[in-house]
Amino acid sequence: MEDVNLANPAGMPPMVRIEALHKRYGALEVLRGVDLNVQSGEVVCIIGASGSGKTTLLRCVNFLEPYHQGRIWVDGTLVGYRESGGHLMPAPEREVARLRAETAMVFQGFNLFPHMTALRNVAFGPIKVRKTPKQQAMIRAQELLERVGLGTKADSYPAQLSGGQQQRVAIARAMAMDPKVMLFDEVTSALDPELVGEVLAVMKRLADDHGVTMMVVTHEMQFAREAASRVVFMDGGVVVEQGPPEQVLGDPRSARLRAFLSRYIAP
Amino acid sequence: MQVVWDNIGLLLIGLRSTLILSAVTVVSGSAVGLLGGVGLLFGPLPVRGLLRAYVDIVRGLPLLVLIFFIFYGLPAIGLDVRGFEAGALALSLFAGAHVSEIVRGGINAVPKGQIDAAKALGLTFWPRLAWVVFPQAAPSMLPPWINVVVEMVKGTSLVVLVSVNDLLFAATKVAERTANPMPLYLAAAALYFVVNFAISRSGAWLERRLSYG
């Protein structure tokens, strides 16, 4: 694709490499040959109408959804399969789990563990997966909660927090794994409008200050405009257009993208 | 009532058997049910089929039929069992089938997003079950599980029919000897009630402790 060079000016191996990806649900083909590279430190916002396959694409990257054709590599490791003689064999569970620990995900529905305090939610992954000593993990979790502005809510249970607060805890939980890539799946879509800002602010700061590689599926055009290093427009299970936000959002080339953007009046 | 106090030693020996049999049944039945419930949901297809058959058949049989079946059936194929063992096995299988269904339902009721979140952190199957799924399923599984425990304590009284010296057996023996059944059956009833009431109350207490947030 022509955009590979645009996405990869320094010739570095991509952090996430997606090649000719196909995914079907029964007869319905949701992804129909997606090619996409994400460089280390890039913030890639994926936009598109619902049903365009963007969430499925994100879920394939950490193998929450198995794919049927094509390949995904994260930092050089093939996702979910082992390749031998051109054939894909399912990778053992441990290998998939190890890869998932490197690709943290934040969900539309927060999915915090309701039986744990905010602090425990954040420290849980490092303790159980990374085998970080408990004391150390708790200290780190407290720091992360402070970074998302919730230092005083460490002992609260998710049910005692607002949606925006829960989502910020979920972001801290993902950060605690020190992931190579962070995947954000429409993380503000389930929030009351007045709570969207606080979550986007945390993500913006994360993108600006920490150089984290982020793949962000979103409907927030303003966020894409300000935080993305690249915007990817998906439609009908393929990448239709991609490039810098000012170009993709300001000067769309394809009719499909123009039609899509026209629904966001003065974003 | 004098007749009860004169024979309280015998009744307590019977109660002891009832409690031991109940405890064995509840522990092994719960272990079977835990694995059974997980197997019903996540086992390979043949395992799921076998477990489904086990659960449906056992849940469709009266407990007494199961006890007789094991007590008379196992010796017929050359396995010698005494009443206590046959009773314990039958009761455990019975409890196991019911607990399997409870565990299956409890795990199934945990939102799929919780499993996604646990997977995304890099947890493998068993840790996911132990730290994320099970703690969330436990509050909903507790009340039906307590029901099973109470049913099992009551169910132990059926082993009287395969000559196990349990509480009901002791009460019956003394009643026959003294030709004065009412006080003894009242005493037995009171003891069963005390045990089960204690279980229900502890269950309610546990339920409060397990709720969070």
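First the proteins, then the strands, lettered A, B, ... as listed; each starts at 1. Owing to the predicted nature of the structure, the values given are computational and were not obtained by experimental measurement.
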Which pair of non-hydrogen atoms, one from B/Ala117 and one from A/Phe113, has the smallest distance, and what is that distance? CB-CE2, 4.0 Å
Neighbour count >12 (heavy atoms, 6.0 Å) for atom CZ, A/Arg24: yes
Please say whether more than 12 non-hydrogen atoms of neighbouring residues, nucleotides or ligands are located less than 6.0 Å from CZ in B/Arg16. no
Donor-acceptor pair, side chain of A/Asn111 and main chain of B/Gly113, under 3.5 angstrom: yes
Is B/Phe197 atom CZ crowded by more than 12 heavy atoms from other residues, nucleotides or ligands, each under 6.0 Å away? no
With only heavy atoms counted, which part of A/Phe124 is less than 4.5 Å from chain B, the side chain, the backbone, both or neither? side chain
Are the side chains of B/Leu121 and A/Arg173 in touch, meaning some heavy atoms are under 4.5 Å apart? yes
How long is the span from the CH2 atom in B/Trp131 to the NZ atom in A/Lys128, to the nearest 0.5 Å? 3.5 Å
Would the number of heavy atoms belonging to other residues, nucleotides or ligands and lying under 6.0 Å from CZ of B/Phe69 be above 12? no
Inspect the surroundings of NZ in B/Lys112 and state if more than 12 heavy atoms from other residues, nucleotides or ligands are less than 6.0 Å away. yes
Give me the atom names and distance for the closest heavy-atom approach of B/Gln136 to A/Pro114. OE1-CG, 3.2 Å
So, do B/Pro135 and A/Met116 sit near enough that their side-chain heavy atoms are less than 4.5 Å apart? no
If one checks every heavy atom of A/Leu112 against chain B at 4.5 Å, the contacting part turns out to be backbone
A/Ser156 versus chain B, heavy atoms under 4.5 Å apart: side chain, backbone, both or neither? neither
Is it the case that more than 12 heavy atoms not belonging to A/Arg130 sit under 6.0 Å from its CZ atom? yes
Counting heavy-atom pairs under 4.5 Å with chain A, the top scorer among B/Ile115, B/Asp116, B/Leu123 is B/Asp116
Tell me the closest heavy-atom pair linking B/Lys119 and A/Arg100, and the distance in Å. O-CD, 3.0 Å
Please look at A/Arg59 and chain B and tell me whether the side chain, the backbone, both or neither of the residue comes under 4.5 angstrom of a heavy atom of that chain. side chain
